[in-house]
Amino acid sequence: WDGMTGGTAKLKDSELIFDTPEVYGGRGQGLCPYRLFIAGILGCINNTFLDIQRMSNLGLISFKLRGRLLVQFDGSGYSISKFEITGEVVVAEDELYLGERCIEQAKKYCPLTRSTKDCIPIEYNISVREVE
């Protein structure tokens with residue numbers, strides 16, 4: 001705790017400063033825990049996809065993910081009601097099917113989404129296309 005509205009998480013080799021956003025009465029002097037949470041989800045999908053991509057020898061040209069989570073107040077407190085994950089995968093020529101399969105496997109095997117899928121719905125909109 002920083003004595004105000006945030007704190008520091010001491011990680012193995014670094015530190016991470018977090019704070020409450022100004023809209024919720026904080027100073028906004030660090031990363032919002034909500035954003036850290038969705039960043040963790042995106043990072044896990046990213047790493048899972050890249051592991052599967054390497055094992056399958058998929059010719060990957062580019063890969064982008066974006067995410068957001070919806071937070072709702074239910075009268076007594078806030079809770080995350082949904083993850084929305086969008087993105088684009090661009091693969092080498094004639095590898096569209098393999099690219100689609102790799103992203104489906106990443107969605108299926110990402111440890112964080114597997115662990116949260118029964119309590120927080122996840123909406124995916126990740127397109128896969130071949131290089132032009």
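The shown structure was predicted, so the numbers you read here are calculated from the model rather than taken from an experiment. One-based numbering along the sequence shown.
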Pair up each side-chain donor or acceptor in residues 38-55 with any protein partner under 3.5 Å, not counting sequence neighbours, and list the distances.
from, atom 1, to, atom 2, distance (Å)
T48, OG1, C44, O, 2.8
D51, OD1, R54, NH2, 2.6
Q53, NE2, L58, O, 2.8

Side chains of residues 65-74: which donor-acceptor partners sit under 3.5 Å, not counting sequence neighbours?
from, atom 1, to, atom 2, distance (Å)
R68, NE, E84, OE1, 2.6
R68, NH2, E84, OE1, 3.4
D74, OD1, S76, N, 3.0
D74, OD1, S76, OG, 3.2
D74, OD1, G77, N, 3.0

### Task
Each residue besides M4 in its hydrophobic cluster should be listed here, by chain and number; the cluster joins Ile, Leu, Val, Met, Phe, Trp and Tyr at side-chain heavy-atom distances under 4.5 Å.
none
Could you tabulate the donor-acceptor pairs under 3.5 Å formed by side-chain atoms of residues 19-28, not counting sequence neighbours?
from, atom 1, to, atom 2, distance (Å)
D19, OD1, T5, OG1, 2.5
D19, OD1, G6, N, 3.3
D19, OD2, T5, OG1, 3.4
D19, OD2, G28, N, 3.3
D19, OD2, Q29, N, 2.9
T20, OG1, T5, O, 2.9
R27, NE, T5, OG1, 3.3
R27, NH2, D2, OD2, 2.3

### Message
Clusters formed by hydrophobic residues whose side-chain heavy atoms approach within less than 4.5 Å: which one holds L11, and what are its other members?
### Response
L16, F18, L31, L36
### Task
Please write out which residues are connected to V131 in a hydrophobic cluster, directly or through intermediates, given that two of Ile, Leu, Val, Met, Phe, Trp, Tyr count as joined at side-chain heavy-atom separations below 4.5 angstrom.
I61, V90
### Message
With rounding to the nearest 0.5 angstrom, report the OG to CD distance, S127 to E100.
### Response
9.5 Å
### Message
The criterion is side-chain hydrogen bond (donor to acceptor under 3.5 Å, both in side chains); which residues satisfy it with E15, sequence neighbours excluded?
### Response
K10
### Query
Rest of the hydrophobic cluster containing I17 (Ile/Leu/Val/Met/Phe/Trp/Tyr, side-chain heavy atoms under 4.5 Å)?
none
### Query
Under the side-chain hydrogen bond (donor to acceptor under 3.5 Å, both in side chains) test, which residues partner E104, sequence neighbours left out?
K107
### Query
Tell me, which pairs form a side-chain hydrogen bond (donor to acceptor under 3.5 Å, both in side chains) where one or both residues lie in residues 108-123, sequence neighbours left out?
K82-E123
### Query
Taking only residues two or more places apart in sequence, or in another chain, which ones meet E130 in a side-chain hydrogen bond (donor to acceptor under 3.5 Å, both in side chains)?
none
### Message
Could you walk me through whether I80 and F37 satisfy the side-chain contact (heavy atoms from CB on, under 4.5 Å) test, starting with their C-alpha distance in whole Å, then the side-chain angles of each, then the deciding distance to 0.1 Å, before giving a yes or no?
### Response
CA-CA 10 Å; I80 297 169; F37 192 46; 3.5 Å; yes
### Summary
Here the salt bridge (Lys or Arg N to Asp or Glu O under 4.0 Å) pairs for residues 29-42, sequence neighbours left out, are none
### Summary
For R129 and L96, the nearest pair of non-hydrogen atoms, with its separation, is CA-CD1, 3.8 Å
